Amino acid sequence: MKGLKTYLIIGSIFLVLYIFAEANRPKVINWTETLSSSDKIPFGAYITSNRLNDVFPGAKITPYRQAVYSVIADDSISNSSYVIIAPSIDFAKPDYDVLIKYLREGNDVFIASEDFGKIFGKKLGIYTKGADNATEEGIPAHFLSPWLDSAKYYTVGKRTGNVIFSDFDTARTIVLGSNKQHEANFIKVKFGKGSLYLCANPLFFTNYSLLQPEGQQYASTALSFVKNTKNVAWDEYYTQGAENEGSAMRVFLNNPALRWAYYISIFTLLAFVLYEVKRRQRIIPVVKPLENSTLSFVSTVGQVYFERRDNLNITRKKILYFLEHLRVEYNLKTNPLDNEFIENFSNKTGIGPEFAAQLVNYINFLSAQQYVSNQQLIDLNKLTEQFYTKAR
């Protein structure tokens, strides 16, 4: 219990210090590249998702947290455009097949991502990589369309523009934009009546970018290549996961304060368990020693005989116990108690012949009596005790 109190006191002190530090520390900017429409952090896409109608006026913006196959096949969206902005995507074959069919039917798809997955590389030969001259400030980008000012470069900093297309099919691909090193970062691939627009720099569509004039211009210009349809599908699957994947733990881990509170709780619980499982010295119980009841027994028996005043019985028992002692300890024959016995008795026990004769004669005398007085019993007891003292 004392150890537990010490643990609780130390834990409480650390908890108070942590709360004080958390309350007084400056708010740390979260630079995680989530590109989620629910995130207002610099690299979230909250502004983009809420300002899509500026690029697609009058269109109905519908968010989806399902895979491409489920959105197109199950909801049967038609005469629409599809916008996906995510750090990376990786379509399964059914997703890719239904997307190509969707494009051939005359719909446009816009995807901004730094990695387009294996199937885009296998089917379209499209791959991305980091630019050779990538810096923390990013690389300026511009558009190559003859209807736009190709001399205008857009830069917003924070690594924006650092990703390029390292390989693509030049026979079927149109380059719509590049960086200052003339490396393609925005392309278009035709499929039937529809077009697939791919941008390798999704950071241009983040909150951080759209809060700057050049970032606003680049994002709105890039999205304006997509046809203005009555319906626009806004993807949230590749940034937030499927709709049924939400859980309380995701809320904890996505919030820095709750995340650290969760980690501290796990740490303190682990410390408590490790502290408690260490081997302890078991409490040694106090064992009450066994009581020596011999004296009590003798006292009780003596009191019984004293109350009965049966001196003869006591005398015979004392004689009987005494002779038994001689037989066991000295190997003496105690029948009869004659002169020969007295001589052997004296020799083996080491007592004098006179005392030996006195003790044996007195035993013979009392053994023949039918009544023993108190004094006679006392005298017998004195003689036997004297023998125990003198005998070797």
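Heavy-atom basis, side chains included; hydrogens, waters and symmetry copies ignored. Only a predicted model underlies this, so the values are computations on that prediction, with no experimental measurement involved.
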For S373, does its backbone N or O pair with a side-chain atom of Q376 as donor and acceptor, under 3.5 Å? yes
Could you walk me through whether E343 and N347 pass the side chain to side chain contact (heavy atoms under 4.5 Å, CB included) test, one step at a time? CA-CA 6 Å; E343 184 180 354; N347 293 333; 3.7 Å; yes
Between S346 and P353 the two heavy atoms that sit nearest each other are OG-N, 3.5 Å
Is K152 atom NZ crowded by more than 12 heavy atoms from other residues, nucleotides or ligands, each under 6.0 Å away? yes
Would you say the side-chain atoms of N364 pair up with the backbone N or O of L337, donor to acceptor, closer than 3.5 Å? yes
Within the distance-only criterion (no hydrogens, no angle test), does the side chain of N107 pair as donor or acceptor with the backbone N or O of S80 below 3.5 angstrom? yes
Is there a donor-acceptor contact under 3.5 Å from the side chain of N179 to the main chain of P140? no
Flag side-chain contact, heavy atom, 4.5 Å: E183 against D132: yes
Mark yes when over 12 heavy atoms from residues, nucleotides or ligands other than Y46 sit less than 6.0 Å from its OH; otherwise mark no. no
The reported gap from CD1 in I266 to CD1 in I264 (rounded to nearest 0.5 angstrom) is 11.5 Å
Taking the side chain as every heavy atom from C-beta outward, state whether L35 and T206 have any atom pair closer than 4.5 Å. yes
With ring centroids as reference points, do F387 and F322 lie under 6.0 angstrom apart? yes
Taking atom types as modelled and ignoring hydrogens, do the side chains of N311 and N374 form a donor-acceptor contact shorter than 3.5 angstrom? yes
Check: N79/T229 side-chain N/O donor and acceptor closer than 3.5 Å: no
Among F56, F186, Y218, the one residue meeting ring pair (Phe, Tyr, Trp, His ring centres under 6.0 Å) with F225: F186
Using a cut-off of 6.0 Å, state whether more than 12 heavy atoms not belonging to N339 lie near its atom CG. no
Does F110 have its ring centroid less than 6.0 Å away from the ring centroid of F205? yes
To the nearest 0.5 Å, what is the distance between CG (N335) and CG (L332)? 12.5 Å
Do Q375 and D379 have side-chain atoms, one donor and one acceptor, less than 3.5 Å apart? yes
Residue pair Y330 / H325, side-chain heavy-atom distance below 4.5 Å: yes
Counting only heavy atoms not in K101 (residues, nucleotides, ligands), do more than 12 fall under 6.0 Å from its NZ? no
Would you indicate whether the side-chain heavy atoms of F120 and I111 approach each other to under 4.5 Å? yes
Run the side-chain donor-acceptor check on residues 86-95: report pairs under 3.5 Å with partners two or more places apart or on a different chain.
from	atom 1	to	atom 2	distance (Å)
K93	NZ	D97	OD2	2.9
D95	OD1	Y69	N	2.9
D95	OD2	A92	N	3.3

Is a salt bridge present between K382 and E385, judged by a nitrogen-to-oxygen distance below 4.0 Å? no
Kindly indicate whether the side chain of W234, heavy atoms from C-beta on, has any atom under 4.5 Å from the side chain of T48. yes
Between R65 and E236, is there a donor-acceptor pair closer than 3.5 Å when you use the side chain of the first and the backbone of the second? no
Audit row: Y154, F143, ring pair (Phe, Tyr, Trp, His ring centres under 6.0 Å) steps and yes/no: CA-CA 9 Å; Y154 304 87; F143 296 102; 5.7 Å; yes
Measuring from atom CD of Q212 to atom CD of Q216, what distance do you get when rounded to the nearest 0.5 angstrom? 9.0 Å
Quick one: do K188 and L196 satisfy side chain to side chain contact (heavy atoms under 4.5 Å, CB included)? Show the steps, please. CA-CA 6 Å; K188 170 185 175 181; L196 174 64; over 6 Å; no
Would the number of heavy atoms belonging to other residues, nucleotides or ligands and lying under 6.0 Å from OH of Y321 be above 12? no
Atom CG of N231 and atom NZ of K60: how far apart are they, to the nearest 0.5 Å? 6.5 Å
Looking at K118, I want to see if its NZ is surrounded by more than 12 non-hydrogen atoms of other residues, nucleotides or ligands under 6.0 Å. no
Closest heavy-atom contact between S178 and N185? N-OD1, 3.2 Å
Restricting to non-hydrogen atoms, name the atom on P42 and the atom on N30 that form the minimum distance, rounded to 0.1 Å. CD-O, 3.3 Å
Report yes or no: does S113 contribute a side-chain atom to a donor-acceptor pair with the main-chain N or O of D115 at less than 3.5 Å? yes
I'd like to know if the side chain of H142 reaches the main chain of S150, judged simply by a donor and an acceptor atom lying under 3.5 Å from each other, with no hydrogens or angles considered. yes
Donor-acceptor under 3.5 Å (D39 side chain, A45 main chain): no
Worked check of side chain to side chain contact (heavy atoms under 4.5 Å, CB included) between S367 and I363: CA-CA 6 Å; S367 298; I363 289 174; 4.0 Å; yes
Have a look at F116 and tell me which of F168, Y127, Y238, F165 forms a ring pair (Phe, Tyr, Trp, His ring centres under 6.0 Å) with it. F165
Side chains of K317 and N313: is there a donor and an acceptor less than 3.5 Å apart? yes
Are L223 and I61 connected, step by step, through hydrophobic side chains (Ile, Leu, Val, Met, Phe, Trp, Tyr) whose heavy atoms are closer than 4.5 Å? yes
Is there a path of hydrophobic side-chain contacts, each under 4.5 Å between heavy atoms of I/L/V/M/F/W/Y residues, joining L103 to Y82? yes
Check: L377 and K318 side chains under 4.5 Å, non-hydrogen atoms: yes
Give the C-alpha distance, both sets of side-chain angles, the deciding distance and a yes or no for side chain to side chain contact (heavy atoms under 4.5 Å, CB included) between N201 and E114. CA-CA 6 Å; N201 290 281; E114 294 181 352; 5.9 Å; no
Under a 4.5 Å cut-off applied to non-hydrogen side-chain atoms, are L124 and R172 in contact? yes
For the side chain of S37 and the backbone of S49, is there at least one donor-acceptor N/O pair under 3.5 Å apart? no
Linking I/L/V/M/F/W/Y whenever any side-chain heavy atoms sit under 4.5 Å apart, do I47 and V55 land together? no
Cationic N near anionic O, under 4.0 Å, E136 to R159: yes
Straight-line distance of I378 CD1 to L383 CG, nearest 0.5 Å: 12.0 Å
Shared hydrophobic cluster for Y102 and I100 (ILVMFWY, side-chain gaps under 4.5 Å): yes
Do you know the tightest heavy-atom contact between Q181 and I139? OE1-CG2, 3.2 Å
Is Y237 reachable from L52 through a run of hydrophobic residues whose side-chain heavy atoms are each under 4.5 Å from the next? no
Within-4.5 Å side-chain heavy-atom neighbours: I319 and L380: yes
Is it the case that S36 and S38 place a side-chain donor and acceptor less than 3.5 Å from each other? yes
Please find the pair of heavy atoms, one from G215 and one from L210, that lie closest to each other, and give the distance. O-CD1, 4.4 Å
Quick check: closest heavy atoms across F191 and V189, and the distance to 0.1 Å? CE1-CG1, 3.5 Å
One should read off an interatomic distance between Q240 CD and D235 CG, to the nearest 0.5 angstrom, of 9.5 Å
